[in-house]
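Note sheet for the following structure.
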Protein chains: 2
Amino acid sequence: MDGMENGGRKDTMKIANERKLRGSDVLLRMLALIATLIAIIIVNVSEETELVPVIIAPGLPPLHVPATAKWKYSSAFVYFLVVNAIACAYAVVSLILSMLKLAGTDGIAMVVFVFDLIMAALLFSGNGAAGAMGVVAYRGNEHVRWEKVCYIFEKYCRYNTAAGAVSLVGATAFLVLVILTALHLRKR
Amino acid sequence: MDGMENGGRKDTMKIANERKLRGSDVLLRMLALIATLIAIIIVNVSEETELVPVIIAPGLPPLHVPATAKWKYSSAFVYFLVVNAIACAYAVVSLILSMLKLAGTDGIAMVVFVFDLIMAALLFSGNGAAGAMGVVAYRGNEHVRWEKVCYIFEKYCRYNTAAGAVSLVGATAFLVLVILTALHLRKR
């Protein structure tokens, strides 16, 4: 009887653990979805046009020419946007799989695990790329005479810094999902 | 008897699988170690000094001034070097753990798993940062008037492209290690 009771308690605990895990799984996928979606939106609305003084000839007053900053003009931000879009789309699909409890079967769970990992890798590389451009945009690089531009395109830089931070939350969510899956596999 | 034979066969297969896994584990850690080490060395020897023509005054012939390109001058490459150094040091430690079969115990295995994952994330972000700088160095960005510099510092750019490629091999090795650990946990 004692053995049965113990077995019953174990089963109850196992079911409770499973529920907790599924709950965290769904929440983390939602977080990843929302974070990458917000990053995409912020990058898209960050476009900014400013009047930039251009010296045509010495002695003459500078001419003010409109200049625009947008993500399309930087390969790093194009890459950042693409990886966030891929991760966001995948977050939707994997969230549906998780809610329909389809990811519980062994084969699909492993595929989801590998894709979670790839999404984290992609997002971290995208964040690295955007971050590197951000540092140069804020501080410039005098050694190669790349001038800082964030004092002109203040809104653009502020928005994209926020996009990077939010995307990093999404990347971390995928990392935590990978760790949770491993812990789950270990406990079985 | 049949049951015992089956059990015996299962055990033999399990041991064979364990050996294969440990072998791949050691090989992948060696690969990650060598790849990140080579990346560090390449970045360190990539320094290049060239004579760059500078126009002092219109009408006068340009003055040729020596200019140096090295990793210290770019935050992205400093970051790239730091993450490769961290990953390389960790690869040494984890390789020792793996060879001494210490990573077989459950707790340590999980810690190693999490660190493998973090190393992959760090390396991918470092590669993203270096890659983004590489694209600007090769192609420039006319929108913010950042001029391309790789036609001057050819060796520097070629070396750092190679460093990025090698580091990406190390990053992928850590990703594969994470997947292998998950497959191992699943099979138990």
Side-chain angles (χ1 to χ4, degrees), chain A residues 52 58 67-70 72-77 79-80 83 106 109-110 113-114 117-118 120-149 152-153 168 171-172 174-176 178-179 181-188, chain B residues 52 58 67-70 72-77 79-80 83 106 109-110 113-114 117-118 120-149 152-153 168 171-172 174-176 178-179 181-188:
Chain A
V52 180
T68 302
K70 56 173 155 181
K72 265 187 202 162
Y73 293 165
S74 161
S75 308
F77 279 106
Y79 180 64
F80 178 81
V83 295
D106 228 31
M110 209 50 215
F113 173 83
V114 172
L117 189 58
I118 292 173
L122 282 178
L123 285 175
F124 272 103
S125 70
N127 272 295
M133 294 319 292
V135 171
V136 180
Y138 267 111
R139 309 204 319 211
N141 187 327
E142 57 181 38
H143 300 285
V144 285
R145 280 190 260 158
W146 292 346
E147 274 171 48
K148 49 182 123 180
V149 291
I152 303 170
F153 302 108
L168 213 51
T172 310
F174 280 116
L175 274 198
V176 177
V178 167
I179 295 172
T181 308
L183 282 173
H184 175 58
L185 287 170
R186 199 183 120 203
K187 269 184 192 154
R188 277 195 320 185
Chain B
V52 181
T68 302
K70 56 174 154 182
K72 265 187 201 160
Y73 293 166
S74 161
S75 309
F77 278 106
Y79 180 65
F80 177 80
V83 296
D106 229 30
M110 208 52 214
F113 173 84
V114 172
L117 189 58
I118 292 172
L122 281 179
L123 284 175
F124 273 103
S125 70
N127 272 294
M133 294 317 294
V135 171
V136 180
Y138 268 112
R139 307 205 319 213
N141 188 327
E142 56 182 40
H143 300 284
V144 283
R145 281 191 260 158
W146 292 347
E147 275 172 47
K148 49 180 122 182
V149 290
I152 302 170
F153 302 108
L168 213 52
T172 311
F174 280 116
L175 273 198
V176 177
V178 168
I179 296 172
T181 307
L183 282 172
H184 175 59
L185 288 170
R186 199 184 121 203
K187 269 184 192 152
R188 278 194 318 185

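Sequence lines set the chain letters: A, B, ... in the order given, protein chains first and strands last, and positions in each chain run from 1.
Residues A/Val136 and B/Met133 share a closest heavy-atom pair of CG2-CE, 3.5 Å. What you find for A/Ala132 and B/Ala76 is that their closest heavy atoms are CB-CB, 3.9 Å. In terms of heavy atoms, B/Ala182 sits closest to A/Leu185 at O-CD1, 3.7 Å. The two residues B/Ile179 and A/Met110 come nearest to each other via the heavy atoms O-CE, 4.1 Å.
At a 4.5 Å heavy-atom cutoff, the contact between A/Val178 and chain B is made by backbone and side-chain atoms alike. Of the atoms belonging to A/Ala121, heavy atoms from both backbone and side chain fall under 4.5 Å from chain B.
Of the listed residues (A/Val52, A/Leu117, A/Val135), the greatest number of heavy-atom pairs within a distance under 4.5 Å of chain B belongs to A/Leu117. With chain A as partner, the option from B/Ala120, B/Ser74, B/Ala67, B/Gly128 having the largest number of non-hydrogen pairs under 4.5 angstrom is B/Gly128.
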Next item on the list: Give the C-alpha distance, both sets of side-chain angles, the deciding distance and a yes or no for side chain to side chain contact (heavy atoms under 4.5 Å, CB included) between A/Ser125 and B/Asn127.
Entry: CA-CA 6 Å; A/Ser125 70; B/Asn127 272 294; 5.8 Å; no
Per-pair distances, 0.1 Å, donor-acceptor, side chain in residues 140-147 of chain B, under 3.5 Å, sequence neighbours excluded:
from	atom 1	to	atom 2	distance (Å)
B/Asn141	OD1	B/His143	N	3.1
B/Asn141	ND2	A/Tyr73	O	3.0
B/Trp146	NE1	A/Glu147	O	2.8

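Remark: B/Tyr138 engages no residue in a ring pair (Phe, Tyr, Trp, His ring centres under 6.0 Å) (not counting sequence neighbours).
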